[in-house]
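Take a look at the structure below.
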Amino acid sequence: MQRARAAIGSFVFLLIAPGVAAGLIPWLITDWEADDWSLPIRIAGALLIAAGAAVLLSAFARFVIEGLGTPAPVAPPQQLVIGGLYRYVRNPMYLAVEATIVGQALFLGQPSLLLYALAFAAIVAAFVYGYEQPTLERQFGDQYEEYKKRVPAWIPRRPSDSRKTGVGS
């Protein structure tokens with residue numbers, strides 16, 4: 001029952017937070033109108049969108065399976081989520097949304113979305129350092145501190161590096 005509630009809560013939060021950040025706002029900025037950029041740039045954009053969506057869904061699933069909660073601050077995980085992609089980087093969800101926004105900019109040929117991506121990155125960084133990390137430090141204590149020492153926040157660690165540290169084992 002707890003996983004079912006976590007799955008429903010995560011799905012709702014997926015629609016609200018990333019849905020607005022990577023869906024509604026880009027649509028409001030561009031109306032999904034595309035400029036005629038080169039095919040290789042558009043293909044790169046499509047690949048970023050697909051990769052971002054895959055990473056985002058994987059990260060959300062990890063909160064349900066491993067954390068027994070949601071990414072939403074109102075229904076946080078009961079366990080620290082350090083498996084899956086979280087073995088390589090502490091913030092795969094935010095990176096996935098950022099990749100999706102940049103991918104949309106390239107796919108649609110809309111430089112305004114690149115400016116929005118910069119603004120999104122700044123807002124997310126402020127949230128992570130001002131709220132999320134202190135909250136995780138209070139909730140999970142030494143376990144989070146150790147995780148923070150071993151796993152980078154923004155630039156993913158190579159898979160072989162994480163095996164050496166034992167994170168996510």
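For clarity, every value in this text was computed on a predicted model and none was experimentally measured. We number each residue from 1, following the sequence as shown.
Taking all atoms of both residues into account, the shortest heavy-atom contact from Tyr86 to Pro92 is CE2-CD, 3.3 Å. Nearest heavy-atom pair, Arg90 versus Lys148, reported as atom, atom and distance to 0.1 Å: NH1-O, 3.1 Å.
Residue Asp31 qualifies as enclosed at atom CG: its count of foreign heavy atoms under 6.0 Å is above 12. In Trp27, the CH2 atom is not crowded: 12 or fewer heavy atoms of neighbouring residues, nucleotides or ligands sit closer than 6.0 Å. Shown here is Asp36, whose CG atom has no more than 12 heavy atoms of other residues, nucleotides or ligands within 6.0 Å. Open room surrounds CD1 on Ile155; 12 or fewer heavy atoms of other groups in view lie less than 6.0 Å from it. The local environment of OH in Tyr129 is crowded, with over 12 non-hydrogen atoms from other residues, nucleotides or ligands closer than 6.0 Å.
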Distance-only criterion, 3.5 Å: show the donor-acceptor pairs between side-chain atoms of residues 52-75 and protein atoms not counting sequence neighbours.
residue, atom, partner, partner atom, Å
Arg62, NH1, Glu66, OE1, 3.2
Glu66, OE1, Gly83, N, 3.0
Glu66, OE2, Ile82, N, 2.8
Glu66, OE2, Gly83, N, 3.2
Thr70, OG1, Ala72, N, 3.0
Thr70, OG1, Ala75, O, 2.7

Donor-acceptor contacts, no H, no angles, side chain residues 106-122, under 3.5 Å, sequence neighbours left out:
residue, atom, partner, partner atom, Å
Gln110, NE2, Glu33, O, 2.6
Tyr116, OH, Ala21, O, 2.6

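Here Leu80 contributes atom CG and Tyr144 contributes atom OH; the two are 8.0 Å apart, rounded to the nearest 0.5 Å. Rounding to the nearest 0.5 Å gives a distance of 12.0 Å between CG of Leu24 and CG of Leu15. The CD atom of Gln139 sits 10.5 Å away from atom CD of Glu132, with the distance rounded to the nearest 0.5 Å. For the atom pair CD (Gln143) and CD (Glu137), the distance works out to 13.0 Å, reported to the nearest 0.5 Å.
By the 30° and 60° cut-offs, the orientation of the rings of Phe127 relative to Tyr94 is perpendicular.
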Q) Yes or no on side-chain contact (heavy atoms from CB on, under 4.5 Å) for Asn91 and Val128, after CA distance, side-chain angles and deciding distance? A) CA-CA 9 Å; Asn91 297 297; Val128 166; 4.1 Å; yes

Q: List the steps and the verdict of side-chain contact (heavy atoms from CB on, under 4.5 Å) for Val124 and Trp154.
A: CA-CA 11 Å; Val124 163; Trp154 304 108; 3.8 Å; yes

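Linking ILVMFWY residues whenever their side-chain heavy atoms come closer than 4.5 Å, directly or via other members, places Trp32 and Val20 in the same cluster. Linking Ile, Leu, Val, Met, Phe, Trp and Tyr residues whenever their side-chain heavy atoms come within less than 4.5 Å places Leu39 and Leu47 in a single cluster. Cluster annotation: Val102 and Ile41 are assigned to the same hydrophobic cluster (Ile/Leu/Val/Met/Phe/Trp/Tyr, side-chain heavy-atom contacts under 4.5 Å, transitive).
Residues Val151 and Tyr88 form no side-chain contact, since every pair of their non-hydrogen atoms from C-beta on lies 4.5 Å or further apart. Counting heavy atoms from C-beta outward, Ile8 and Phe13 have side chains that stay 4.5 Å or more apart. You'll find the side chain of Leu48 stays beyond 4.5 Å of the side chain of Thr100, heavy atoms only.
Within the 3.5 Å criterion, the main-chain N or O of Ala22 finds a donor-acceptor partner in the side chain of Gln104. Although no hydrogens or angles enter the test, the distance criterion places a donor-acceptor pair under 3.5 Å between the side chain of Arg87 and the main chain of Gly84.
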